[in-house]
Amino acid sequence: MNNILCQTLNLRYPIVQAPMAGVSTPELAAAVSTSGALGSISVGASTPQQADSMIRTTLALTAAPINVNVFCHAPVQRNPQLEQAWIARFKPVFARYEATPPDALSEIYQTFVDNHAMLEVLLDTAPAAVSFHFGLPSAAVVQRLKRRGIITLASATSVAEAGAIEAADIDFIVAQGIEAGGHRGIFHPENDDQQLSTFTLVQAIRRASRLPVIAAGGVMDGAGMAAMLKLGAAGVQLGTAFILCPESAANAAYRQALKSAQANSTEMIAAISGRSARCLTNDFCQLAREFAQDAIPPYPLTYALGKALAAAAAAKGAHGFGAQWAGQGAMLAREMPAAELVKTLVKEWQAA
């Protein structure tokens with residue numbers, strides 16, 4: 001196919017399945033890749049040992065190219081007073097479910113920045129592509145990956161971030177519009193988020209950058225895919241569209257919410273993890289509306305408490321505190337195997 005994404009990664013279709021840490025699995029990524037698109041896994045929530053196992057499992061399931069995503073958030077700056085105040089705030093909520101919050105917040109996810117062990121895993125397993133979220137690693141790390149023959153991608157939520165990606169000699173920009181589910185890829189969350197739509201962001205980055213752009217956010221079907229490609233995107237990344245696939249790791253409560261009227265409403269929330277992310281409107285969202293941004297500890301410390309609360313509530317049959325990440329097009333999600341979904345997307349795109 002005469003498309004730079006397909007040519008560079010030897011794909012049949014310019015479709016990327018979003019990495020979605022905690023939801024994407026080796027089975028999902030392999031099914032997507034075998035179908036001619038680019039399947040992705042995320043090792044942002046994994047130790048280097050877990051990442052090695054996950055990547056090798058995926059590679060064993062498909063001979064097609066895969067993408068591995070890492071998190072490049074800034075190392076955490078601890079503030080014990082802020083962290084203890086956050087824990088105290090949630091004690092009554094935990095008590096509602098006959099549980100107690102953790103005594104302290106922990107850095108449950110390690111950043112890829114200066115993470116030499118994780119870099120060695122990537123270099124050793126050599127997936128076809130590696131993508132960065134929340135920022136960028138050092139130029140030296142990017143060059144080591146590229147010398148290994150690995151194609152690099154990075155998320156941008158603004159033209160300025162796209163400029164930094166281009167300056168870092170990365171191959172593709174993933175333009176993440178405000179419609180996208182899950183965590184915003186903004187490099188510096190303390191800065192103002194321009195909250196550009198995918199429609200606007202793709203065009204703005206294409207005007208400012210020479211790099212090919214992959215559109216991400218709000219695309220759920222082949223018609224949406226066709227629209228983004230007509231804007232000049234080199235490919236389209238879909239995440240929420242794949243959550244209901246049987247190969248995903250989404251739990252029963254998450255799937256039920258996505259198939260219900262709840263999918264008609266999503267909102268941005270930082271209180272679950274410490275970073276702004278788009279979630280199905282649930283109990284945690286409603287609770288968090290009263291929280292000031294400066295009262296929330298940084299990512300991923302806040303996520304340690306968020307996950308503990310979700311587990312405590314779920315143990316009592318309440319599933320409204322989970323990280324039910326989803327984009328604005330959540331109500332358009334379809335339940336079918338990943339390979340069938342890829343075929344459906346391609347058919348719709350070609351008919352558009």
Side-chain angles (χ1 to χ4, degrees), residues 16-26 28-29 38-59 66-76 105-125 127-138 141-142 145 150-157 161 165 170 172 174 176 180-189 214 216 237 239-240 242-243 248-250 270 272-279 298-304 306-307 310 322-326:
V16 180
Q17 166 248 315
M20 299 184 292
V23 173
S24 183
T25 63
L28 176 60
L38 183 63
S40 306
I41 55 173
S42 175
V43 298
S46 305
T47 65
Q49 295 76 18
Q50 291 168 334
D52 185 84
S53 176
M54 191 176 185
I55 296 168
R56 292 185 188 279
T57 298
T58 310
L59 292 173
I66 67 164
N67 170 49
V68 176
N69 179 257
V70 292
F71 297 162
C72 295
H73 52 283
V76 172
L105 302 182
S106 57
E107 194 172 351
I108 58 173
Y109 298 161
Q110 297 298 310
T111 179
F112 183 64
V113 176
D114 296 327
N115 191 331
H116 302 294
M118 189 66 83
L119 174 60
E120 290 304 318
V121 168
L122 296 176
L123 293 171
D124 190 40
T125 55
V130 168
S131 59
F132 311 116
H133 204 56
F134 298 145
L136 303 172
S138 68
V141 166
V142 172
L145 292 168
I150 297 170
I151 301 303
T152 53
L153 302 78
S155 297
T157 64
E161 289 173 354
I165 292 169
I170 286 165
F172 290 88
V174 179
Q176 188 195 34
H183 284 97
R184 294 285 285 156
I186 189 168
F187 289 12
H188 304 291
I214 298 168
Q237 179 171 288
T240 307
F242 285 94
I243 294 175
S248 95
I272 291 179
S273 71
R275 265 184 173 262
S276 184
R278 186 171 293 284
C279 184
Y299 176 95
L301 300 176
T302 302
Y303 219 172
K307 287 180 177 292
Q324 296 169 332
W325 307 137

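For this chain, numbers begin at 1 and follow the sequence in order.
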>> Return the CG to OH distance between L105 and Y303, rounded to the nearest 0.5 Å.
In response: 14.5 Å
> Taking it one step at a time, do S40 and N69 satisfy side chain to side chain donor-acceptor pair (under 3.5 Å)?
Replying inline: CA-CA 7 Å; S40 306; N69 179 257; over 6 Å; no
> CG/L38 to OG/S131 distance, rounded to the nearest 0.5 angstrom?
Replying inline: 8.5 Å
>> Quick check: Y299 with H183 (ring centres under 6.0 Å apart)?
In response: yes
>> Between R184 and P189 (side chain of the first, backbone of the second, donor and acceptor by atom type, cut-off under 3.5 Å), is there such a pair?
In response: no
>> Can a donor-acceptor pair be found, under 3.5 Å and without considering hydrogens, that links the side chain of T125 to the backbone of V121?
In response: yes
> Taking all non-hydrogen atoms of both residues, which atom of L301 and which atom of E107 are closest, and how far apart?
Replying inline: CD2-N, 3.7 Å
> With a 4.5 Å heavy-atom cut-off, do E120 and P48 have their side chains touching?
Replying inline: no
>> Within this structure, what is the CD1-CD1 distance for the pair I170 and I165, rounded to the nearest 0.5 Å?
In response: 6.0 Å
>> Atom CG of residue position D124 - does it have more than 12 heavy atoms of other residues, nucleotides or ligands inside 6.0 Å?
In response: yes
> Which pair of heavy atoms, one from G181 and one from Q176, lies closest together, and at what distance?
Replying inline: O-NE2, 4.3 Å
>> When you measure from the side chain of N115 to the backbone of T111, do you find a donor-acceptor pair of N or O atoms at a distance under 3.5 Å?
In response: yes
> Any idea how F71 and H133 line up, ring-wise: parallel (<30°), tilted (30 to 60°), or perpendicular (>60°)?
Replying inline: tilted
> Hey, does W325 have a side-chain heavy atom less than 4.5 Å from the side chain of V23?
Replying inline: no
> Should C72 and L136 be marked as a side-chain contact (heavy atoms from CB on, under 4.5 Å) after you check the CA-CA gap, both sets of side-chain angles, and the distance that decides it?
Replying inline: CA-CA 6 Å; C72 295; L136 303 172; 5.7 Å; no
> What is the distance from atom CG of L122 to atom CD1 of I55, rounded to the nearest 0.5 Å?
Replying inline: 5.0 Å
> Which value, rounded to the nearest 0.5 Å, describes the distance between I41 atom CD1 and T58 atom OG1?
Replying inline: 3.5 Å
> Within the distance-only criterion (no hydrogens, no angle test), does the side chain of Q237 pair as donor or acceptor with the backbone N or O of I214 below 3.5 angstrom?
Replying inline: no
> For the atom pair NZ (K307) and CD1 (I272), what is the distance rounded to the nearest 0.5 Å?
Replying inline: 10.0 Å
